[in-house]
Amino acid sequence: MSQNPEQEPITIVDNRKVDPETGEVREPAADATAAPTPEAGPDAAAATAAAVGNGEAGNGEAAPVSADSVGAELAERTADLQRLTAEYANYRRRVDRDRKATIDAAKASVVTELLGVLDDLDRARAHGDLESGPLKSVADKLADALRKQGLDEFGTEGEPFDPTLHEAVQHEGDGHDPVIGVVMRKGYRFGDRVLRHALVGVTDAALAADSGVEPEADGGAADPVTPETTNAGDGSADE
């Protein structure tokens with residue numbers, strides 16, 4: 001039997017990790033791990049070169065980005081930022097408005113509970129009990145403190161009648177040019193909120209002038225009204 005001279009020689013590679021003769025662990029050869037695989041042909045080398053040329057291997061520059069795409073993305077991010085800024089500004093205004101409304105409501109509730117005390121002080125002042133002494137100082141300090149918080153009183157003799165602020169319990173005249181002739185109970189408002197309407201008697205401006213109630217004279221309007229107000233509150237008939 002003749003041998004084939006073109007037959008490739010048989011190569012035996014010992015891949016055992018332990019040397020059978022010495023029993024020591026074999027270290028993998030550096031050349032074997034670093035050697036390229038047989039399948040890496042010209043096509044693989046060309047692909048690697050193309051990747052290096054396009055910057056895919058990490059050593060070159062990135063692919064260029066068009067200016068239009070960058071401008072569009074920048075405009076989109078700017079619009080998002082402006083929208084978020086406007087929403088946050090609206091949120092802050094709404095929170096501040098709600099906080100102020102809550103504070104004003106709490107103040108108005110406390111002041112409403114003190115209106116009875118102010119009525120008692122007005123009756124004491126009408127009787128002359130607040131002309132001097134410690135009670136006068138307490139009444140003045142209380143009135144000043146409430147006024148600083150925003151409490152305002154209304155309803156004086158000679159003032160034009162306003163149905164949104166005054167509650168008329170009696171009326172004299174034909175109803176032309178109505179003004180307040182008698183104040184039976186003061187009205188109070190806290191800011192724009194009316195806490196209590198004034199309880200008044202309404203008369204015509206001509207009749208008020210004849211009876212001595214002048215719209216521009218605060219001192220002259222109080223004398224004829226004081227006895228009636230006192231009698232209504234105390235039930236006495238001394239006058």
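Nothing here was measured: the structure is a model prediction, and the numbers come from that model. Quick note: numbers below take in every heavy atom, side chains included, and nothing from hydrogens, waters or symmetry partners. The chain is numbered in sequence order, starting from 1.
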Closest heavy-atom pair and its distance - [X], [Y]:
| X | Y | result |
| --- | --- | --- |
| Lys186 | Arg196 | O-NH2, 2.9 Å |
| Ala168 | Val202 | CB-CG2, 3.4 Å |
| Thr78 | Leu74 | OG1-O, 2.8 Å |
| Arg193 | Ala105 | NH1-CA, 3.5 Å |
| Ala198 | Gly155 | CB-CA, 4.3 Å |
| Ala139 | Arg125 | CB-NH2, 4.3 Å |

Gap between atom [atom2] of [Y] and atom [atom1] of [X] - 0.5 Å precision:
| X | Y | atom1 | atom2 | value |
| --- | --- | --- | --- | --- |
| Tyr91 | Leu84 | OH | CG | 14.5 Å |
| Glu153 | Leu195 | CD | CG | 12.5 Å |
| Arg97 | Arg94 | CZ | CZ | 7.5 Å |
| Ile103 | Asp98 | CD1 | CG | 11.0 Å |
| Asn90 | Tyr88 | CG | OH | 12.0 Å |
| Asp80 | Arg83 | CG | CZ | 4.5 Å |

Quick one: side chains of residues 109-116, donor-acceptor pairs under 3.5 Å with protein atoms, not counting sequence neighbours, listed by atom name and distance.
unit_1 : atom_1 : unit_2 : atom_2 : d
Thr112 : OG1    : Ala108 : O      : 2.6

### Message
side-chain contact (heavy atoms from CB on, under 4.5 Å), that's the test. Do Thr203 and Val182 meet it? Break it down for me.
### Response
CA-CA 9 Å; Thr203 184; Val182 178; over 6 Å; no

Is a salt bridge present between [X] and [Y], judged by a nitrogen-to-oxygen distance below 4.0 Å?
| X | Y | value |
| --- | --- | --- |
| Asp144 | Lys141 | no |
| Lys107 | Asp104 | no |
| Arg99 | Asp96 | yes |

### Task
Evaluate the criterion side-chain contact (heavy atoms from CB on, under 4.5 Å) for residue pair Leu165 and Arg189; output intermediate values, then yes/no.
CA-CA 9 Å; Leu165 299 176; Arg189 59 188 164 204; 3.6 Å; yes

### Task
May I ask you to check whether over 12 heavy atoms, not counting those of Glu87, lie within 6.0 Å of atom CD?
yes

### Message
Walk me through whether Asp140 and Lys136 qualify under salt bridge (Lys or Arg N to Asp or Glu O under 4.0 Å).
### Response
CA-CA 6 Å; Asp140 294 340; Lys136 180 180 183 302; 3.0 Å; yes

### Task
Look only at the side chain of His197 and the backbone of Gly187, and say whether a donor-acceptor pair between them is shorter than 3.5 Å.
no

### Task
Is it possible for you to say whether Val138 and Leu130 belong to one hydrophobic cluster, with membership spreading through side-chain heavy-atom contacts below 4.5 Å?
no

### Task
Determine, step by step, whether Asp204 and Val179 satisfy the side-chain contact (heavy atoms from CB on, under 4.5 Å) criterion, reporting the C-alpha distance in whole Å, the side-chain angles of both residues, the deciding distance to 0.1 Å, and the verdict.
CA-CA 6 Å; Asp204 293 339; Val179 296; over 6 Å; no

### Query
Of the options Asp152, Leu151, Val194, which is the one that meets Tyr188 in a side chain to side chain contact (heavy atoms under 4.5 Å, CB included)?
Leu151

### Task
Please list, chain by chain and in numerical order, all residues satisfying salt bridge (charged side-chain N to carboxylate O under 4.0 Å, His left out) with Lys148, sequence neighbours excluded.
none

